[in-house]
Protein chains: 2
Amino acid sequence: MTVTAIQELFRAKRLKVTPQRCAIYNMMIHTKSHPTAEEIISQVKKTLPMISLNTIYYTLNVFETAGLIIPINNTHTRYDTNLEPHHHLICVSCRKIEDVFDDALNQLHLSQKPDFNIRSYRVEFYGHCRNCQKRSTSIPEKKRLVTTQL
Amino acid sequence: MTVTAIQELFRAKRLKVTPQRCAIYNMMIHTKSHPTAEEIISQVKKTLPMISLNTIYYTLNVFETAGLIIPINNTHTRYDTNLEPHHHLICVSCRKIEDVFDDALNQLHLSQKPDFNIRSYRVEFYGHCRNCQKRSTSIPEKKRLVTTQL
DNA sequence: CAGTAAATAGTAACTATTACTAAATTGAGA
DNA sequence: TCTCAATTTAGTAATAGTTACTATTTACTG
């Protein structure tokens with residue numbers, strides 16, 4: 001993805017095009033790992049030395065709200081005693097986690113990666129729950145509101 | 001699951017049987033949600049008022065290492081720009097996240113829950129990577145070592 | 001029962017993230 | 001192109017989830 005393609009993507013999402021945003025997104029799509037905020041800033045600082053962690057978090061929030069990225073983890077660690085394959089519906093807006101029990105999903109196999117000793121697995125569906133579909137853009141649990149439509 | 005069954009489970013895993021552990025595990029398997037440490041302690045305090053958050057975290061760590069629970073989230077939020085269905089191998093020991101691209105896994109469907117507007121999904125496989133299988137019990141990224149075998 | 005290794009709970013520290021805000025920058029319209 | 005309003009940036013400070021350290025207590029082994 002070229003820099004101009006990134007700019008077009010931002011404009012399509014009604015996001016302002018700033019050097020910081022371009023650098024952050026450019027870094028993120030060119031890394032194979034799933035970077036943390038710290039990993040992002042350490043890379044981006046090579047081209048934008050003055051960038052703050054604050055901007056990283058703000059921008060990640062904007063990207064997430066715009067549907068450009070998905071956070072894999074989340075602040076509050078949640079624990080599950082059910083080790084059987086079962087699955088989760090995660091509302092990206094209000095963060096609620098709902099269980100799903102589905103036979104077809106309980107029989108997944110992974111032929112590749114034989115050297116990885118798999119203990120369990122789960123499927124996470126990301127989307128908007130019934131409530132958050134009504135409220136459309138609101139983000140109840142996160143206080144900082146970003147007025148970008150999804 | 002009865003209290004004696006819990007005690008037997010602990011002994012089978014070579015964990016010491018303490019009132020705190022029994023109360024924590026008992027609370028966790030009797031809740032449908034995926035409780036956070038805060039939610040756990042607020043419940044457990046009803047029977048063990050003196051229990052500390054410290055013990056909650058220590059015990060959760062023990063349970064996790066023993067393979068009794070799986071944390072759904074994690075401290076460092078990781079971000080992913082790849083919104084296409086793709087998947088992750090997560091080492092429960094060293095926390096490394098590896099990508100998996102598998103055609104069969106990219107065609108999952110969820111018939112139930114029609115009121116949840118799904119944007120994307122992913123499969124997470126939990127287990128031990130090649131390196132951590134050798135080292136068996138070590139937990140590189142977490143500093144507090146729990147000498148419980150898996 | 002006695003000895004020992006692990007567990008508990010308290011205090012303090014750490015660290016990822018968010019809040020607040022003044023200054024700078026972007027994009028839309030004149 | 002210039003101006004202006006609204007957003008974005010980056011700094012400092014605060015918050016909150018989690019971990020570190022440690023003295024005391026408790027649970028298991030023999």
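We name chains A, B, ... by the order of the sequence lines, and we start the count at 1 in each one.
Nucleotide D:dA27 holds its P atom 22 Å from the NZ atom of B:Lys13, rounded to whole Å. Taking atom CG of B:Asn54 as the reference point, atom P of D:dT24 lies 17 Å away to the nearest angstrom. We find that CD of B:Gln20 is positioned 9 Å from P of D:dT26, with the value rounded to whole Å. Atom C1' of nucleotide C:dA19 and atom CG of A:Asn61 are separated by 13 Å, given to the nearest angstrom. Atoms CD (B:Glu38) and C1' (D:dG17) sit 8 Å apart, rounded to a whole Å. Straight-line distance from the CD1 atom of B:Ile41 to the C1' atom of D:dG17: 13 Å, rounded to whole Å. Atom OH in B:Tyr57 sits roughly 18 Å away from atom C1' in C:dA7 (whole-Å rounding). Distance, A:Lys45 NZ to D:dT9 P: 15 Å, rounded to whole Å.
Across all non-hydrogen atoms, the minimal contact from B:His30 to B:Asn26 is ND1-O, 2.8 Å. Annotation for B:Pro19 and B:Leu48: closest pair O-CD1, 3.8 Å, computed over non-hydrogen atoms. When every heavy atom of B:Phe10 is checked against every heavy atom of B:Lys16, the shortest pair comes out as CD1-O, 4.4 Å.
Among D:dT9, D:dA27, D:dG17, the nucleotide with an atom closest to any side-chain atom of B:Thr18 is D:dA27. Checking D:dT9, C:dT8, C:dA9 against the side-chain heavy atoms of B:Ser52 singles out C:dA9 as nearest. Closest to the side chain of B:Thr59, from the set D:dC28, C:dA9, C:dT8, is C:dT8. When the nucleotides D:dT9, C:dA9, C:dA7 are ranked by their closest atom to the side chain of A:Tyr58, D:dT9 comes out on top.
For B:Gln112 (side chain) and A:Phe101 (main-chain N/O), a donor-acceptor pair under 3.5 Å exists by modelled atom type. Side-chain N or O atoms of A:Thr65 include one that pairs as donor or acceptor with a backbone N or O of A:Asn61 at under 3.5 Å.
At the heavy-atom level, B:Pro49 lies nowhere under 4.0 Å from the strands shown.
Taking for each of B:Arg21 and B:Met50 the nucleotide of DNA chain C with the nearest heavy atom, the 5'-most of the two is the partner of B:Arg21. Closest-nucleotide positions on DNA chain D for A:Lys16 and B:Ala37 were compared, and the one nearer the 5' end corresponds to A:Lys16.
Regarding contacts with the backbone of C:dG27, a side-chain N or O of A:Arg11 is found under 4.0 angstrom from either OP1 or OP2.
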